[in-house]
Chemist: 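One structure follows; several queries about it will come next.
Along the sequence shown, the residues carry numbers beginning at 1. The analysis underlying the following values was restricted to heavy atoms, covering all of them including side chains, and did not include hydrogens, waters or symmetry mates. We count ligands from 1, going down the list as the structure has it; atoms in each ligand are counted the same way.
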Amino acid sequence: AARGPLAGRRVVVTAGGTREPLDPVRYLGNRSSGKQGYAVAAVAAARGAEVVLVTTSGLPVPAGVRAVPVETALEMAAAVHAAGAEADVVVMAAAVADFRPAEVAAHKIKKTHAAAPGGTPDESAPVVALVRNPDILAGLVAARGASSSPLVVGFAAETGDEDGTVLEHGRAKLERKGCDVLVVNEVGPGKAFGTDVNTVHVLRRGSDGVLDVGPASKDAVAGAVWDVVGDLL
Ligand code: C5P
């Protein structure tokens, strides 16, 4: 059996940015690399947890982790709800698209639209209608109801800290979303996305305290997150 402070714990981690298809060759995406989520999964496994990693990223799967590959927010939601029902902790490190194209074209969208027979070709730019994706994290919180399991950990990417608003936004988001822990991530030019270092502030529901971590490796950030979450289990 696994050893470590998380031995016997079942953990679900999401990682990467979702890809929302427009047609068979194109998608709407974002700059998330998945590195922080992979570090969270790797540290949990190293500390003895049974880890399911629901991921859009092609990074190598960490030792001792079971990966479930997904692409879209809807696929991620289904995978998280399936695995999350049995989990002690769900860590939503993925950058989930808030919107997806309302329709996925069956064929590649052409520069020149199909014109009416004999008519002039339509060179106008297509307009893409979007619809909202479900909020997976909020769905987990709603689904657990009055139960305190699974523990739900969110990540929130916030820009700019000239006026100290990053933490304010983080606290408001923690309350709004109802998760137990929120890891507020400073993002912006050269920060966080795709790099190996991260600066985060770990907030807990019902506590005014904040744990500042970094600039530190994404592995060190993951360790700090599990220190906090481990204390809540
Ligand atoms: O509100 P915001 O998108 O900043 O919240 C970020 C957190 O919510 C992350 O943990 C992210 O994985 C999660 N999220 C989600 N479903 C969405 C959007 C965000 O689970 N549709």
Chemist: Can you confirm, on distance only, whether ligand 1 has an N/O atom lying under 3.5 Å from any N/O atom belonging to M92?
Modeler: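 In this structure, M92 places an N or O atom under 3.5 Å from an N or O of ligand 1.
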Chemist: Going by an N to O cut-off under 4.0 Å, is there a salt bridge joining E158 and K173?
Modeler: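 A salt bridge links E158 with K173.
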Chemist: Considering all heavy atoms of both residues, which atom of F99 and which atom of E20 are nearest to each other, and what is their separation?
Modeler: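 Shortest heavy-atom contact: O-CG, 3.8 Å.
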Chemist: Among all protein non-hydrogen atoms, which one is nearest to atom 16 (N) of ligand 1, and what is the separation to 0.1 Å?
Modeler: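 The closest one turns out to be I136 N, 3.0 Å.
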Chemist: Are more than 12 heavy atoms from other residues, nucleotides or ligands located less than 6.0 Å from atom CZ of R47?
Modeler: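 Result for CZ/R47: enclosed.
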Chemist: A77 near ligand 1, heavy-atom distance under 4.0 Å?
Modeler: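 Heavy atoms of A77 never come under 4.0 Å of ligand 1.
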Chemist: Within a radius of less than 6.0 Å around CZ of R204, do more than 12 heavy atoms belonging to other residues, nucleotides or ligands occur?
Modeler: no
Chemist: Tell me, please: is K177 in heavy-atom contact with ligand 1, that is, under 4.0 Å?
Modeler: yes
Chemist: Yes or no on side-chain contact (heavy atoms from CB on, under 4.5 Å) for T56 and E71, after CA distance, side-chain angles and deciding distance?
Modeler: CA-CA 5 Å; T56 67; E71 268 196 18; 5.7 Å; no
Chemist: Side chain, backbone, both or neither: which part of D98 comes within less than 4.0 Å of ligand 1 when only heavy atoms are counted?
Modeler: side chain
Chemist: If you measure from each non-hydrogen atom of P134 to ligand 1, which part falls under 4.0 Å: side chain, backbone, both or neither?
Modeler: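 For P134, the contact with ligand 1 is made by the backbone alone.
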Chemist: Donor-acceptor pair, distance only, cut-off 3.5 Å: does the side chain of T14 make one with the backbone of A93?
Modeler: yes
Chemist: Under a 4.0 Å N-O cut-off, is there an ion pair linking K110 with D23?
Modeler: no
Chemist: Which of the numbered atoms in ligand 1 are under 4.0 angstrom from any heavy atom belonging to A94?
Modeler: 11 (C), 12 (O)
Chemist: Do ligand 1 and A93 have nitrogen or oxygen atoms that lie under 3.5 Å from each other?
Modeler: no
Chemist: Can you confirm, on distance only, whether ligand 1 has an N/O atom lying under 3.5 Å from any N/O atom belonging to K173?
Modeler: yes
Chemist: Ignoring hydrogens and geometry, is there a side-chain-to-backbone donor-acceptor pair from T165 to E168 under 3.5 Å?
Modeler: no
Chemist: F155 heavy atoms, cut-off 4.0 Å: which ligand 1 atoms fall inside?
Modeler: 6 (C), 7 (C), 9 (C), 10 (O)
Chemist: Near G154, which atoms of ligand 1 are under 4.0 Å from a heavy atom of that residue?
Modeler: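 This gives 10 (O) as the contact atoms.
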Chemist: How far is atom 20 (O) of ligand 1 from its nearest protein heavy atom, and which residue and atom is that?
Modeler: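 Closest protein heavy atom to atom 20 (O) of ligand 1: L137 N, 2.8 Å.
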